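Order of the sequence lines fixes the chain letters, A, B, ..., with proteins taken first and strands second; residue numbering starts at 1 for each chain. Keep in mind it's a predicted model, so treat the numbers as computed, not measured.
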4 protein chains.
Amino acid sequence: MHHGNRHGRSEQARLAVLEAADDLLVEHGFARLTVEAIAQRAGVAKQTIYRWWPSKTDLLLDAFLTDAAEELVPPDTGDLVTDLHVHLSNLARFLTNSDAGAVYRALTAESLHDPRLATRLRTEYLSAQRARDRLPLQRAVIRGHLPASTDLDALADHLVGPLYYRALITGEEIAPPYVEGLLASVLRGATAGPGMVQP
Amino acid sequence: MHHGNRHGRSEQARLAVLEAADDLLVEHGFARLTVEAIAQRAGVAKQTIYRWWPSKTDLLLDAFLTDAAEELVPPDTGDLVTDLHVHLSNLARFLTNSDAGAVYRALTAESLHDPRLATRLRTEYLSAQRARDRLPLQRAVIRGHLPASTDLDALADHLVGPLYYRALITGEEIAPPYVEGLLASVLRGATAGPGMVQP
Amino acid sequence: MHHGNRHGRSEQARLAVLEAADDLLVEHGFARLTVEAIAQRAGVAKQTIYRWWPSKTDLLLDAFLTDAAEELVPPDTGDLVTDLHVHLSNLARFLTNSDAGAVYRALTAESLHDPRLATRLRTEYLSAQRARDRLPLQRAVIRGHLPASTDLDALADHLVGPLYYRALITGEEIAPPYVEGLLASVLRGATAGPGMVQP
Amino acid sequence: MHHGNRHGRSEQARLAVLEAADDLLVEHGFARLTVEAIAQRAGVAKQTIYRWWPSKTDLLLDAFLTDAAEELVPPDTGDLVTDLHVHLSNLARFLTNSDAGAVYRALTAESLHDPRLATRLRTEYLSAQRARDRLPLQRAVIRGHLPASTDLDALADHLVGPLYYRALITGEEIAPPYVEGLLASVLRGATAGPGMVQP
DNA sequence: ATGTAACCGAGACGGTACGTCGGGTCTTGCC
DNA sequence: GGCAAGACCCGACGTACCGTCTCGGTTACAT
């Protein structure tokens with residue numbers, strides 16, 4: 001265990017900062033998440049924070065990616081409905097009830113003010129998450145449970161969009177029946193033949 | 001032309017403040033939307049702002065509700081698909097490309113940090129907007145073009161959720177084909193009989 | 001008693017700052033005389049200090065000029081030796097033992113690093129002080145107790161120079177006999193005819 | 001020529017540091033004389049500086065004593081006036097115009113804030129300098145050109161005090177006539193019998 | 001017409017947090 | 001074991017806005 005030296009930064013300091021940021025955000029909210037408070041909580045000098053992170057949001061993003069990278073991997077049971085039900089439920093819980101989700105919501109909020117952060121959040125987290133969201137659908141196509149012509153990007157959007165909408169916009173809870181209804185409606189649309197839609 | 005007096009506030013000052021806030025947000029972004037800048041731009045004293053609006057977000061919400069209350073009323077052509085296509089396209093444009101939408105995105109961002117604002121945004125704007133989102137569906141039920149048993153709240157969520165998701169989360173554009181695909185998928189799911197969904 | 005308003009700065013705040021600066025310098029020395037400490041001691045915001053004084057030394061100079069402007073006026077007893085003895089003793093006490101002298105020494109120290117301050121200190125304090133130093137000599141010339149041809153500037157330098165030297169450079173105390181010896185030596189030189197000086 | 005090793009400190013590093021400190025002080029003034037700048041200019045690590053000098057002023061004092069110890073030795077021509085004229089002129093030039101004088105002025109400035117440095121500056125430089133200032137007077141006493149009863153300390157003070165006063169306090173130049181006038185006045189006082197001074 | 005009371009622009013105030021800078025300490029690995 | 005390198009903690013710096021306050025001027029109704 002060492003401090004900074006000519007060969008690089010102190011991993012100890014780095015982790016203390018990331019954890020302090022996480023904790024302070026969850027405990028006191030974004031408004032009280034100041035660099036000074038993070039530094040004090042982490043037992044670190046402010047300058048050490050500014051040395052390694054250009055801004056508070058870069059720091060939060062780093063904390064989020066470090067802590068939460070492994071979450072939200074969908075299961076692979078062989079059954080599309082089961083896989084999606086589990087995955088969407090996990091996503092809903094992440095968005096509404098988890099500590100990592102609190103960090104994610106704060107980052108999303110900031111990204112609406114800051115296009116640079118929005119880009120980083122998308123390239124460094126969201127694109128991978130969207131790939132995970134598509135995984136059960138891709139497997140179902142391979143198994144023949146979904147038509148090969150299915151637009152998987154669109155279908156994934158139709159499934160997760162309403163969850164983000166409720167979690168971040170309407171603020172309503174996402175109970176299991178809601179997930180089931182969503183799943184039924186969207187999958188029915190995906191598997192039905194060309195319907196009554198054209199006017 | 002009058003200023004404040006014992007009988008009430010100056011409408012002139014009120015409008016100047018709201019317009020200045022709107023303009024500064026659109027021109028320079030939320031970060032540079034300071035009360036001092038609004039006061040200077042509006043030619044108004046800071047105290048006049050604090051006298052009438054408890055916080056900057058209350059001011060923004062007032063500006064948003066004043067400017068944009070009349071927008072996004074869905075048409076009533078008698079055809080569900082047409083009505084929804086127009087309405088969802090308008091919603092997409094509002095969320096991604098309008099000045100009022102910029103204010104709405106900023107308010108949404110703040111509401112993720114501030115539950116009190118979230119509540120106000122929902123009761124004073126979002127609930128009415130969601131009612132407008134349901135209107136075409138309600139009319140279709142009355143006309144018999146949708147089953148009477150349809151869960152309209154859920155159906156509306158499934159339609160608008162992906163638009164909010166793309167506009168606020170993924171940042172992708174929402175082209176006409178995307179709206180059409182969404183409409184086809186969700187309406188097909190709504191009108192198909194009970195499908196293959198149950199395992 | 002009022003705070004700042006459209007009519008200008010708060011005299012209350014101004015005096016609190018000047019007094020706090022004086023006190024802190026005398027109590028803790030220049031090293032611990034920070035703007036933050038002054039602000040806290042005066043019950044004033046840091047910005048209030050920066051609003052009115054360009055730098056800490058400008059503040060100190062203001063404090064010095066406000067507090068000490070009336071000091072060190074030489075007496076006029078009609079007797080040159082008495083006048084000078086009193087005046088030089090007062091000057092010695094000011095330089096070595098007074099609170100105002102502590103501020104003066106600090107300003108002098110800074111002026112050795114800062115030509116701008118040196119100029120201000122000379123034009124706003126020292127030139128007046130040097131005029132006061134010459135006063136007893138001028139009166140003696142008028143009374144005929146000193147030759148009319150006397151170079152008063154030089155003579156004053158010869159009297160006060162050694163006091164500044166001991167007070168600021170050698171740090172030795174300046175006891176009454178020292179002042180008397182100085183006076184005897186310099187005045188003897190001033191009143192003697194052209195002496196053995198030319199080689 | 002060797003670097004630091006088991007045999008002791010690197011003389012090369014020591015001299016590079018002292019010279020860098022001197023140069024930076026003369027070139028950029030005391031304000032920009034930072035330890036980091038000295039280290040960089042000397043091609044030395046900061047720690048090497050802190051290892052050998054307790055503080056920046058100790059370093060400056062070391063630089064001053066190393067560079068300037070040999071200066072300001074008065075001549076011995078056998079003629080008091082000549083000796084003093086040369087010596088006082090050299091002293092005046094040192095105080096106002098030399099590089100070593102710049103370092104001395106900076107040290108003097110710091111010593112007014114720092115009693116510990118003041119003591120060191122007096123014991124390690126000033127006392128020797130004052131002894132040199134007294135040398136011509138002592139020789140004159142031996143030669144019988146000054147009364148044996150002369151208070152040499154006081155006389156030396158009366159001669160150099162006004163030079164320090166002009167150089168450090170009033171900032172005026174010290175031209176040859178000023179030195180001559182000073183010399184004439186003070187020596188006349190020293191050689192005249194008991195004068196008109198007692199009231 | 002004059003007095004009164006509420007609102008107005010202006011801007012100084014006490015604060016909080018920012019991001020930067022320099023001082024002085026510590027660790028590593030080369031020589 | 002001295003050295004260069006450089007990350008570290010500490011704490012003061014000067015800045016930007018915050019939200020509060022007081023002021024003198026303005027306006028419009030009520031006497």
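- Here the closest heavy-atom approach between residue Val103(A) and residue Leu25(A) is recorded as CA-CD2, 3.4 Å.
- Residue Arg32(A) contributes atom CZ, which lies 19 Å from atom P of dG15(E) at whole-angstrom precision.
- dG2(F) atom P lies 15 Å from atom CD of Glu11(D), rounded to whole Å.
- Leu33(D) pairs with exactly one of Ile38(D), Asp23(D), Leu59(D) by the side-chain contact (heavy atoms from CB on, under 4.5 Å) rule, that one being Ile38(D).
- Heavy atoms of other residues, nucleotides or ligands lying less than 6.0 angstrom from CD of Gln40(A) number 12 at most.
- Checking Val35(A) against Val35(D), the closest nucleotide of DNA chain E that is more toward the 5' end is the one next to Val35(A).
- Taking the ring centre of Trp52(A) as origin, the terminal cationic atom of Arg9(A) falls inside the region bounded by 6.0 Å and 45° from the ring axis.
- The distance from atom CZ of Phe30(C) to atom C1' of dA12(F) is 13 Å, rounded to the nearest whole Å.
- Comparing Glu36(A) and Arg14(A) by the nucleotide of DNA chain F that holds the closest heavy atom to each, the one mapping nearer the 5' end is Arg14(A).
- A distance-only check finds a donor-acceptor pair linking the side chain of Arg122(D) to the backbone of Ile169(C) [under 3.5 Å].
- Of the residues in residues 37-60 of chain B, those lying under 4.0 Å from DNA chain F by heavy-atom distance are Lys46(B), Gln47(B), Tyr50(B), Lys56(B).
- Computed from coordinates, the Gln12(A) CD to dT27(E) P distance equals 11 Å when rounded to whole Å.
- Relative to the six-membered ring of Tyr50(B), Lys56(B) misses at least one condition, a distance below 6.0 Å or an angle of at most 45° to the axis.
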